[in-house]
There are 2 protein chains.
Amino acid sequence: MKSVEELTARFRAHGLRVTPQRQAVFRLLAGNDTHPTVEAIHAGVRAEMPTVSLRTVYQTVHDLARLGEVHVLDVGTGQVRVDPNVEEAHHHLVCTRCGRMDDVAVEAPAPPATPGFRAERVEVIVRGTCAACEAAAGGPHRAPGGATVRRTEHETAHETAHETQEATCRS
Amino acid sequence: MKSVEELTARFRAHGLRVTPQRQAVFRLLAGNDTHPTVEAIHAGVRAEMPTVSLRTVYQTVHDLARLGEVHVLDVGTGQVRVDPNVEEAHHHLVCTRCGRMDDVAVEAPAPPATPGFRAERVEVIVRGTCAACEAAAGGPHRAPGGATVRRTEHETAHETAHETQEATCRS
DNA sequence: TTGTTCCTGACAACTATTGCTGATAAAGTG
DNA sequence: CACTTTATCAGCAATAGTTGTCAGGAACAA
Ligand SMILES: [Mn+2]
Ligand SMILES: [Mn+2]
Ligand SMILES: [Zn+2]
Ligand SMILES: [Zn+2]
């Protein structure tokens, strides 16, 4: 992602106004490689500016995405993730337990020649279990400040001996 | 996916009861390669049994998933998709406009050796535009019975000359 | 048949995200 | 700096997809 100054200039050049709230979002994202959720960004921004609303963070993230300064990713963990690294092509590891997302260098296969479909980009998601969740595999736990991946269902009693664990290890 | 008879036996073997509603879902999924949404399954089932509730369809789909008879996929189109093809490994084309999802044969890259992460499976998503949406690219339209991909945001006036189109071509 | 367990259907609740709106603040102009 | 013109802010309401709850009713086993 570009620097806060560059983003400020770019926003103005596009007729967008630059407010302290937006700059706080810029600062939080610059050099952030944790793929934070919007909620996480909001929490971080509120540490400095306690009145900023979640709505404002969503707006700013969308504006950044429109300018191509971040990617908004939905990998099926229930919340979108913001990726400020748009310069270098890369893919992701996704922890199926806590939703944690890390960059990974794998070469994507070439988009296949498919009649009736114009391929634009190829996304690779490596799903698995992160170290923190692996360590906590014994039973559910909850890291401080972490949110929990949506992983529920009524399913009264039978519970056919499949995953039931739940853990969180978001940084 | 297995046949309706096999699924019936398998459900019973696992202590799950087999009702007309569940069999209607089985029937709708057997040999279905459209990756229907739960809502679409519901609509299809209601054509024969108008009283079946959406909740029941969700339950049945989840039970099928737990037995490994279907895969429930979330590719970020706002609704989960049900894939009855669990026998052969494959990946997907996803239309960014209408959410349509088709099978594609691409070889996934080998899961990289990443310390601190136990990779379990690699998912490849080829995003692009399907033929129907390509044809309708001139302006928004709405196919009969189709649902629309969530693609909105207030964003008052400025509209920085980016995508605004919206189209639907779900079968 | 009878009892037990599970499923159904209707509706409420929940979560992530977006819509709405008066008040406010950023740019632009002199 | 004073002033005008917009775009943004914060808060709250609304929405969509999915899941929780629970009182009947149906399916299976004996
Ligand atoms: Mn990344
Ligand atoms: Mn498929
Ligand atoms: Zn994890
Ligand atoms: Zn399409």
Side-chain angles (χ1 to χ4, degrees), chain A residues 8-9 11-25 36-43 45-46 49-65 72-82 99 147-160, chain B residues 8-9 11-25 36-43 45-46 49-65 72-82 99 147-160:
Chain A
T8 298
F11 262 54
R12 292 208 174 121
H14 281 256
L16 298 172
R17 298 198 172 157
V18 178
T19 62
Q21 291 90 340
R22 307 201 127 186
Q23 288 186 310
V25 174
T37 63
V38 176
E39 195 94 41
I41 298 170
H42 184 223
V45 166
R46 284 190 97 128
M49 295 184 57
T51 68
V52 178
S53 76
L54 183 59
R55 192 69 181 81
T56 296
V57 178
Y58 269 107
Q59 295 255 34
T60 305
V61 166
H62 282 324
D63 286 334
L64 282 167
V72 175
L73 307 169
D74 184 346
V75 294
T77 51
Q79 295 135 273
V80 301
R81 300 304 199 101
V82 179
T148 306
V149 175
R150 211 177 351 163
R151 177 185 299 286
T152 39
E153 171 75 355
H154 186 207
E155 302 312 335
T156 44
H158 43 68
E159 275 299 337
T160 323
Chain B
T8 298
F11 262 54
R12 293 212 171 115
H14 280 258
L16 299 172
R17 299 203 168 150
V18 179
T19 62
Q21 292 89 341
R22 305 201 130 188
Q23 288 185 310
V25 174
T37 64
V38 175
E39 195 94 40
I41 298 169
H42 184 224
V45 167
R46 284 189 96 127
M49 296 186 57
T51 67
V52 179
S53 77
L54 184 59
R55 191 69 181 80
T56 296
V57 178
Y58 269 107
Q59 295 256 37
T60 305
V61 165
H62 281 150
D63 286 336
L64 282 166
V72 175
L73 306 170
D74 184 345
V75 294
T77 51
Q79 294 135 272
V80 302
R81 301 303 199 103
V82 180
T148 305
V149 174
R150 210 175 353 161
R151 177 186 298 287
T152 39
E153 171 75 357
H154 185 202
E155 301 311 336
T156 45
H158 44 64
E159 276 297 336
T160 324

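In the text below, chain A, chain B and the rest are named by the order of the sequence lines, each starting its count at 1.
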What is the nucleic acid contact for B/V38, judged by heavy atoms within less than 4.0 Å: base, sugar-phosphate only, or nothing?
nothing

Whole-Å distance, B/H42 NE2 to D/dA16 P, equals 17 Å

In whole angstroms, the gap separating C1' of D/dG17 from CZ of B/R81 amounts to 13 Å

Atom CD of B/Q59 and atom P of D/dG20 are separated, to the nearest Å, by 9 Å

Only residue of B/R46, B/H42, B/Q59 satisfying side chain to side chain contact (heavy atoms under 4.5 Å, CB included) with B/L54 is B/H42

A/L64 atom CG is separated from D/dT8 atom P, nearest whole Å, by 12 Å

| query | If you measure from the Lys or Arg side-chain nitrogens to the Asp or Glu carboxylate oxygens, is any gap between B/R81 and B/D74 under 4.0 Å? | reply | no

A/T37 side chain near A/V80 side chain, heavy-atom distance below 4.5 Å: no

Between CZ of B/R22 and P of D/dG25 the distance, given in whole Å, is 20 Å

Checking side chain to side chain contact (heavy atoms under 4.5 Å, CB included) for the pair B/R12/B/V18: CA distance, chi angles, key distance, verdict? CA-CA 7 Å; B/R12 293 212 171 115; B/V18 179; 3.8 Å; yes

Is there side-chain contact between A/R22 and A/L16, with heavy atoms separated by less than 4.5 Å?
yes

When A/V25, A/L73, A/V57, A/V61 are each screened for side chain to side chain contact (heavy atoms under 4.5 Å, CB included) with A/V82, the one that passes is A/V61

**Asked** Touch check for A/P50, heavy atoms < 4.0 angstrom, all strands: base, sugar-phosphate only, or nothing?
**Response** nothing

Side-chain contact check for A/V80: nearest option of C/dT17, D/dA10, C/dC7 is C/dT17

Checking C/dC7, D/dA10, D/dA7 against the side chain of B/T19 (C-beta onward), the nearest is C/dC7

Symbol by symbol from the 5' end, with Watson-Crick or G-U pairs under 3.5 Å, [ ] crossing and | another strand, DNA chain C is ||||||||||||||||||||||||||||||

Here the distance between atom C1' of C/dT17 and atom CG of A/D63, to the nearest Å, is 15 Å

Side-chain contact check for B/L16: nearest option of D/dT18, C/dA26, C/dC7 is C/dC7

### Query
Would you say the side chains of A/T60 and A/Q21 form a donor-acceptor pair under 3.5 Å?
no

In terms of heavy-atom contacts, A/G99 and A/T77 come closest through CA-CG2, 3.8 Å

**Prompt:** Would you say B/T56 reaches C/dG9's phosphate, i.e. side-chain N/O to OP1/OP2 under 4.0 Å?
**Reply:** yes

Item to complete: Spell out yes or no: do the side chain of A/R55 and the base of D/dG11 have one donor N/O and one acceptor N/O closer than 3.5 Å?
Response: no

Rounded to whole Å, CG of B/L54 lies from P of C/dC7 at a distance of 17 Å

Picking from C/dT8, D/dG17, D/dT6, the nucleotide nearest the side-chain atoms of A/R17 would be D/dT6

With the side chain defined as heavy atoms from C-beta on, B/R12 is closest, among D/dG17, D/dC28, C/dG9, to D/dC28

Whole-Å distance, B/Y58 OH to C/dA12 C1', equals 16 Å

Closest of C/dT18, C/dC7, D/dA10 to the A/H62 side chain is C/dT18

The nucleotide from C/dA26, C/dT8, D/dC9 with an atom nearest the side chain of A/P20 is C/dA26

